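A quick write-up on the structure given underneath.
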Amino acid sequence: MSIKAILTDIEGTTSAVSFVFDVLFPYAAKHLPDFVRQNATRADVAEQLDAVRRDSNEPQADVERVVEILLSWIAEDRKATPLKALQGMVWEQGYQAGQLKGHVYPDAVDALKRWHQAGYQLFVYSSGSIQAQKLIFGCSEAGDLTPLFSGYFDTTSGPKREAQSYRNIQQAMRVEAEDILFLSDIVEELDAAQSAGLKTCGLAREGGELEGHVTVDSFTGIEPEAF
Ligand SMILES: CSCCC(=O)C(=O)COP(=O)(O)O
Ligand SMILES: [Mg+2]
């Protein structure tokens, strides 16, 4: 077997885009303002608020202005690391309160279990923070799926459309690039991974083709040994 490890995206790949856009993002938009106001002096929160001030070039922004910036970033789906870190903290409260349950497609659950059982190492790479990744899989409709995964990567490894991010992740995974199969629904992410030497498989859950990549419409169609 050539493929030894599988690295998967979340939104649009293991999980529905609608769960992220219609459930997670609105939940964060609703609860993030009060969360930030109430926890602005907490060290891990304050660190992210300072990062928002830096990234927005507004070093003097007060907490209310930072909240405004964060809400505008949610609205434009900006994959900014401090926003993603804060969203993860807000979603944790929702998962703990039983208001959120992670969506993972049943075909993804079945395949991830099968691949884990067959000895493939499984990793996640998402723009969502590592905390958010552990929550969606740990508190999923199918139960706790975190024992299946060997590691998690987020935008602290780099943006998902840049080849260097995949080189960083490959080094951290300690698996040869050509032995890693990357799964995603976004062609620019697949192109970047391919440039870094990874094997790729596109997920087009509504059908269609991700140009330049083997494309399937569910995990059921993925046979790692065929890559
Ligand atoms: C970890 S669930 C939330 C996903 C998220 O915040 C996001 O921006 C989706 O990014 P992805 O890289 O999984 O497409
Ligand atoms: Mg995606």
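Atoms within a ligand are numbered from 1 in the order they appear, just like the ligands themselves. None of these values were measured; they are calculated from a predicted model.
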TODO: Enumerate the residue pairs fulfilling salt bridge (charged side-chain N to carboxylate O under 4.0 Å, His left out) with a member in residues 13-37, sequence neighbours excluded, ordered by first and then second residue.
DONE: D34-R37, R37-E64
TODO: For the pair E141 and K101, find out whether any cationic side-chain nitrogen is under 4.0 Å from an anionic carboxylate oxygen.
DONE: no
Taking the six-membered ring for Trp, are the ring centroids of [X] and [Y] within less than 6.0 Å of each other?
X    : Y    : answer
Y125 : Y166 : yes
H116 : Y120 : no
Y105 : F219 : no

Taking a 3.5 Å cut-off between nitrogen or oxygen atoms, can you list every pair linking ligand 1 to the protein, with distances?
unit_1: ligand 1; atom_1: 6 (O); unit_2: K84; atom_2: NZ; d: 2.9
unit_1: ligand 1; atom_1: 8 (O); unit_2: K79; atom_2: NZ; d: 2.7
unit_1: ligand 1; atom_1: 8 (O); unit_2: K84; atom_2: NZ; d: 2.8
unit_1: ligand 1; atom_1: 12 (O); unit_2: D9; atom_2: OD1; d: 3.4
unit_1: ligand 1; atom_1: 12 (O); unit_2: S127; atom_2: N; d: 2.8
unit_1: ligand 1; atom_1: 12 (O); unit_2: S127; atom_2: OG; d: 3.2
unit_1: ligand 1; atom_1: 12 (O); unit_2: K160; atom_2: NZ; d: 2.6
unit_1: ligand 1; atom_1: 13 (O); unit_2: D9; atom_2: OD1; d: 3.1
unit_1: ligand 1; atom_1: 13 (O); unit_2: E11; atom_2: N; d: 3.1
unit_1: ligand 1; atom_1: 13 (O); unit_2: S126; atom_2: OG; d: 2.8
unit_1: ligand 1; atom_1: 14 (O); unit_2: D9; atom_2: OD1; d: 3.2

Open item on the list: Within the 3.5 Å criterion, strictly below it, is a donor on K134 or Q131 matched to an acceptor on the partner's side chain?
Closed with: no
- [ ] Establish, from distance only, whether the side-chain atoms of Q164 and N168 form a donor-acceptor pair under 3.5 Å.
- [x] yes
TODO: Validate the cation-pi geometry between K199 and F182: distance from NZ or CZ to the six-membered ring centre under 6.0 Å, angle to the ring axis within 45°.
DONE: no
TODO: Could you count the protein N, O or S atoms found under 2.8 Å away from the Mg ion (ligand 2)?
DONE: 3
Task: Which residues share a salt bridge (Lys or Arg N to Asp or Glu O under 4.0 Å) with E176, sequence neighbours left out - done: none
